[in-house]
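Read the numbers this way: they start at 1 and go in the same order the structure lists the ligands and their atoms. The shown structure was predicted, so the numbers you read here are calculated from the model rather than taken from an experiment.
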Amino acid sequence: MAAGSAIQIPTRLPLLLTHESVLLPGSTMRTSVDSPRNMQLVRSRLLKGTSLRSTIIGVIPNTSDPTSDCDDLPNLHRIGTAALAVQVVGSNWPKPHYTLLVTGLCRFQILQLLKEKPYPVAEVQQLDRLEQFTNGHKSEEELGELSEQFYKYAVQLVEMLDMSVPAVAKLRRLLDNLPREALPDILTSIIRTTNQEKLQILDAVRLEERFKMTIPLLVRQIEGLKLLQKTRKSKQDDDKRVVAIRPNRRITHGSITEDEEEEEDHDDVVMLEKKIRTSSMSEQALKVCLKEIKRLKKMPQSMPEYALTRNYLELMVELPWNKNTKDRLEIRAARIVLDNDHYAMEKLKKRVLEYLAVRQLKNNLKGPILCFVGPPGVGKTSVGRSIAKTLGREFHRIALGGVCDQSDIRGHRRTYVGSMPGRIINGLKTVGVNNPVFLLDEVDKLAKSLQGDPAAALLEVLDPEQNHSFTDHYLNVAFDLSQVLFIATANTTATIPPALLDRMEVIQVPGYTQEEKIEIAHRHLIPKQLELHGLTPQQIQIPQVTTLGIITRYTREAGVRALDRKLGAICRAVAVKVAEGQHKEAKPDRAEVGEGEDCKEHITEDAKPESISDTADLSLPPEMPILIDFHALKDILGPPMYDMEVSERLSQPGVAIGLAWTPLGGEIMFVEASRMDGDGQLTLTGQLGDVMKESAHLAISWLRSNAKRYRLTNASGSFDLLDNTDIHLHFPAGAVTKDGPSAGVTIVTCLASLFSGRLVCSDVAMTGEITLRGLVLPVGGIKDKVLAAHRAGLKRVIIPQRNEKDLEEIAAHVRQDLTFVLAAGLDEVLNAAFDGGFAAKAGLEHFNSKL
Ligand code: ADP
């Protein structure tokens with residue numbers, strides 16, 4: 001920063017016109033250049049010039065309106081500052097422009113404009129140097145006094161600033177080192193002044209004038225600073241930095257709401273911390289939470305992690321670390337609750353009571369997890385609910401069907417976006433106690449996927465040795481699950497992973513007989529549906545024979561869920577009638593019901609009181625209940641869905657009825673066979689598993705080896721059954737996968753019928769595994785299978801002899817309705833399956849098979 005006196009500027013200067021600011025000698029300014037004239041100047045003068053002189057330009061403040069941008073050169077301000085271009089930076093974004101760094105050297109005055117294009121060049125006269133010469137006639141004293149005064153104000157101003165800032169300290173030193181006449185220009189460009197004021201200082205060529213004009217500006221700045229400091233002091237302590245930042249924030253944001261919010265949030269965090277400290281979480285959890293809250297306090301709220309951490313801490317506080325309900329375990333009461341809630345299921349209730357009794361005596365719940373296995377709608381879930389009720393515990397159902405991600409059980413780590421705890425921890429949060437009854441519904445429908453095996457995660461949850469320190473990935477601290485009573489349900493044990501099955505005690509819940517279903521309907525389902533629909537027993541009557549009709553003609557299931565739905569549909573229809581008051585208009589009619597009766601949906605109402613209008617007062621019970629008979633059933637539920645089609649389908653040889661067990665209960669299954677010309681192929685359809693395919697081969701081999709004995713021939717009369725013959729066996733329903741050995745006897749019977757041309761009795765169903773030597777081996781699921789045969793109205797059931805013991809499980813009335821044939825070998829099966837027996841011809845037993 002040289003003083004003007006030492007500088008000799010060229011007499012011809014290119015002129016740079018600046019809009020935004022006024023450059024004063026001794027100061028440095030960065031200015032953006034984008035007008036064509038200025039750009040041209042930079043290009044042809046600054047970028048091409050080689051000497052120091054070529055980097056000296058004249059900077060003239062452009063006082064004309066910047067928006068009126070025209071080609072003509074505006075009226076030029078007469079005085080400008082000669083400047084040294086220190087740096088040129090070019091850029092093309094957002095439009096081509098240069099940024100110039102220029103340092104003011106001295107004032108000049110335009111004498112004459114030499115050229116206007118492409119950029120203005122003028123003949124100039126250096127002013128500041130002249131000053132020195134004109135200085136002489138001014139009284140030295142006057143100027144000395146002025147400059148002294150100026151110097152004092154300048155020092156006062158600088159000392160009001162924070163001396164610890166290096167630039168301020170440097171400025172303080174400069175005040176002493178620089179020639180006094182350079183000070184007005186330099187300080188004017190430092191303090192807060194408008195462009196207009198700077199322009200006036202630029203125009204003040206005479207030094208005396210310049211001092212006089214800048215002193216008031218200095219004083220104004222000093223006063224402003226004093227005021228600012230005063231207000232800061234009253235508000236804040238002496239921490240200057242904080243003082244400097246805070247009010248600024250307020251000003252920039254225009255309002256103080258943000259601060260208030262911040263404080264509010266801070267209060268929330270404090271509250272949260274208090275909650276954490278007063279909660280009864282484990283020591284380990286407390287440690288983690290306190291660490292997290294410390295981090296939270298330091299985190300700006302705008303950070304995504306802030307919300308994450310906060311949610312985490314809120315969950316930790318909410319979890320029932322030490323909250324529990326008091327067990328009121330009383331076996332006698334438990335028995336009553338179970339009996340009241342559920343009809344039949346004796347075996348299940350007995351086992352549940354044993355389980356609870358042991359818990360009562362041992363006073364802890366460690367032990368195998370109960371797993372109820374049975375078809376849908378047999379009351380597995382509702383027994384679980386009753387258990388919770390008897391214990392006075394909270395109940396929570398966790399549906400596991402289709403869960404294929406182990407994070408569903410064990411939670412996501414908190415590093416993931418959208419991470420959350422697993423279903424177990426979520427369940428605990430929902431129930432709010434640490435000893436609920438958790439029903440793990442459908443454990444057999446857990447799936448495996450790339451996201452890990454949820455069954456493996458469940459192992460840890462269910463293992464009483466491990467679950468006292470179950471660690472959810474989201475919580476990342478152990479939670480004690482040992483007080484939770486887990487009960488699992490499944491339709492079949494076949495698809496439960498063995499390791500999981502090993503930790504559970506399986507209790508089979510078989511399907512119901514028709515009689516049981518009728519009882520369940522009348523004791524539980526109908527009252528429940530009536531209540532749900534706001535009906536009273538005085539308004540609707542469903543006789544047992546109607547219920548049986550619904551069970552046999554509108555449902556085909558092992559449980560009672562569809563029955564429940566149908567009853568619901570009936571109640572809805574009746575509710576409409578009752579609401580409309582239509583039943584009061586019904587004609588006097590008969591009230592008995594019976595199959596095949598053509599009675600209208602009716603209500604007998606001979607003596608309808610005249611006073612009651614048609615728009616009936618619904619609070620009054622109708623005089624007579626609406627009776628649901630078969631006609632009404634048809635109206636409400638539509639035509640029957642299932643027919644007794646058994647006899648029709650057995651009208652040809654090559655069809656036999658087998659009994660199958662499925663996860664949905666027992667079912668009857670028609671096995672069909674046909675033969676055609678061919679080369680001895682066996683075709684099997686109906687989505688069969690390997691075991692079933694093997695059974696079919698076994699059956700054919702046995703029949704071929706015994707063909708002569710039973711006089712079985714193929715179409716051409718040969719005893720070699722596969723000679724020029726293809727056989728096709730089909731097992732409906734084709735869409736359902738079937739497997740298991742129990743269809744063996746049925747296939748044999750079906751093929752025997754095909755090759756003998758005789759019809760299988762239409763009221764016989766059978767089940768049993770076969771061996772190559774014609775033995776009949778025991779199979780599982782006898783109760784369900786027998787019930788299915790009973791449901792289908794069959795009369796005779798052929799079962800393996802060694803399954804005789806299973807018949808004890810079957811209700812007496814079902815046993816009475818059926819005839820059981822206990823078969824040890826295939827001879828007995830065939831004898832029972834065909835009317836008049838299936839006599840073997842003695843002496844031909846040892847026919848040699850081709851196979
Ligand atoms: P699941 O869990 O076995 O599929 P649910 O427990 O959901 O079946 O039972 C379906 C409905 O049947 C429930 O409303 C339940 O109350 C009722 N139910 C099933 N079995 C019985 C029973 N033995 N006594 C009374 N109601 C029963």
Side-chain angles (χ1 to χ4, degrees), residues 334-353 369-390 395-402 437-446 485-493 495-496 504 506-533 542 544 547 550-551 554-572 661-666 781 783-784 787 791 809-811 813-814:
R335 191 192 299 271
I336 292 170
V337 170
L338 280 178
D339 278 341
N340 281 349
D341 286 357
H342 298 93
Y343 178 77
M345 322 177 104
E346 297 310 331
K347 206 169 137 193
L348 174 71
K349 286 190 217 163
K350 190 167 149 244
R351 182 63 192 93
V352 167
L353 284 175
I369 311 293
L370 292 182
C371 177
F372 303 149
V373 177
V378 290
K380 301 182 294 295
T381 313
S382 81
V383 168
R385 197 168 272 126
S386 289
I387 292 176
K389 196 158 104 188
T390 59
F395 177 82
H396 185 71
R397 176 172 166 267
I398 299 176
L400 296 175
V437 172
F438 269 172
L439 188 91
L440 305 171
D441 222 354
E442 325 232 31
V443 274
D444 56 331
K445 301 204 179 50
L446 284 173
L485 173 58
F486 288 102
I487 297 173
T489 77
N491 290 145
T492 169
T493 51
T495 47
I496 303 179
M504 303 193 287
V506 172
I507 303 177
Q508 294 284 352
V509 193
Y512 297 117
T513 61
Q514 283 173 1
E515 286 68 23
E516 281 170 341
K517 285 187 188 175
I518 293 174
E519 284 301 322
I520 293 172
H522 285 269
R523 287 171 194 234
H524 300 281
L525 306 182
I526 295 177
K528 190 180 77 186
Q529 289 294 349
L530 291 188
E531 202 189 318
L532 273 179
H533 292 85
I542 306 178
Q544 294 213 345
T547 318
I550 304 173
I551 294 167
Y554 290 91
T555 68
R556 183 157 285 179
E557 56 170 358
V560 291
R561 197 168 283 156
L563 174 62
D564 197 22
R565 266 202 303 273
K566 299 286 175 206
L567 291 170
I570 291 171
C571 288
R572 274 199 302 280
W661 182 90
T662 72
L664 309 184
K783 185 181 175 189
D784 279 323
L787 290 182
R791 268 205 298 276
E809 279 182 34
I810 298 165
H813 62 268
V814 176

Which residues share a ring pair (Phe, Tyr, Trp, His ring centres under 6.0 Å) with Phe486, sequence neighbours left out
Phe438
Should Phe372 be listed as contacting ligand 1, given a heavy-atom distance under 4.0 Å as the test?
no
Below 4.0 angstrom from a heavy atom of Gly379, which ligand 1 atoms are there? Numbered from 1 as shown, please.
1 (P), 3 (O), 5 (P), 6 (O), 8 (O), 9 (O), 19 (C), 20 (N)
Determine yes or no for a side-chain-to-main-chain donor-acceptor pair under 3.5 angstrom, with Glu442 supplying the side chain and Ala399 the backbone.
no
Taking heavy atoms and a distance under 4.0 Å, where does Val378 meet ligand 1: side chain, backbone, both or neither?
both
Ligand 1 N/O within reach of Ala344 N/O, cut-off under 3.5 Å
no
Which residue and non-hydrogen atom of the protein lie closest to atom 21 (C) of ligand 1, and at what distance in Å?
Tyr512 OH, 3.6 Å
Just need the protein heavy atom nearest to atom 2 (O) of ligand 1, so name the residue and atom and give the distance.
Thr381 OG1, 2.4 Å
What's the spacing between Met345 CE and Ile520 CD1 if we round to 0.5 Å?
7.0 Å
For Arg572, give me all partners under side chain to side chain donor-acceptor pair (under 3.5 Å), at least two apart in sequence or on another chain.
none
Are Ile520 and ligand 1 in contact, using a heavy-atom cut-off of under 4.0 Å?
yes
If you count the non-hydrogen atoms of other residues, nucleotides and ligands that lie under 6.0 Å from CZ in Arg523, is the total more than 12?
yes
Within reach of ligand 1, part of Arg561 (heavy-atom separation under 4.0 Å):
side chain
So which heavy atom in the protein is nearest atom 18 (N) of ligand 1, and how far is it from that ligand atom?
Val560 CG2, 3.7 Å
Quickly, which of Asp784, Val373, Val378 forms a side chain to side chain contact (heavy atoms under 4.5 Å, CB included) with Gln508? Name it, please.
Val373
How does Asp341 reach ligand 1, by side chain, by backbone, by both or by neither, if only non-hydrogen atoms under 4.0 Å count?
backbone
Under-4.0 Å heavy-atom contact with ligand 1, by part of Met345 that carries it
side chain
Can you tell me if Lys528 has a non-hydrogen atom under 4.0 Å from ligand 1?
yes
Output yes when a side-chain donor or acceptor of Arg385 lies under 3.5 Å from a complementary backbone atom of Leu439, and no otherwise.
no
Between ligand 1 and Tyr343, is the shortest N or O to N or O distance under 3.5 Å?
yes
Quick check against the 3.5 Å criterion: does Gln529 have a side-chain atom that pairs as donor or acceptor with the backbone of Ile570?
no
Tell me, please: is Val383 in heavy-atom contact with ligand 1, that is, under 4.0 Å?
no
Nearest heavy atom to atom 10 (C) of ligand 1 wins, so pick from Gly377, Gly374, Ser382, Gly559.
Gly377
Gap between atom OG1 of Thr555 and atom CD1 of Ile550 - 0.5 Å precision:
8.5 Å
Lys349 NZ to Asp341 CG distance, which is reported to the nearest 0.5 Å
9.0 Å
Nitrogen or oxygen of Pro376 less than 3.5 angstrom from that of ligand 1:
no
Could you grab the distance from atom NZ of Lys517 to atom OG1 of Thr547, nearest 0.5 Å is fine?
12.0 Å
With a 4.0 Å heavy-atom cut-off (strictly under), which part of Lys380 contacts ligand 1: side chain, backbone, both or neither?
both
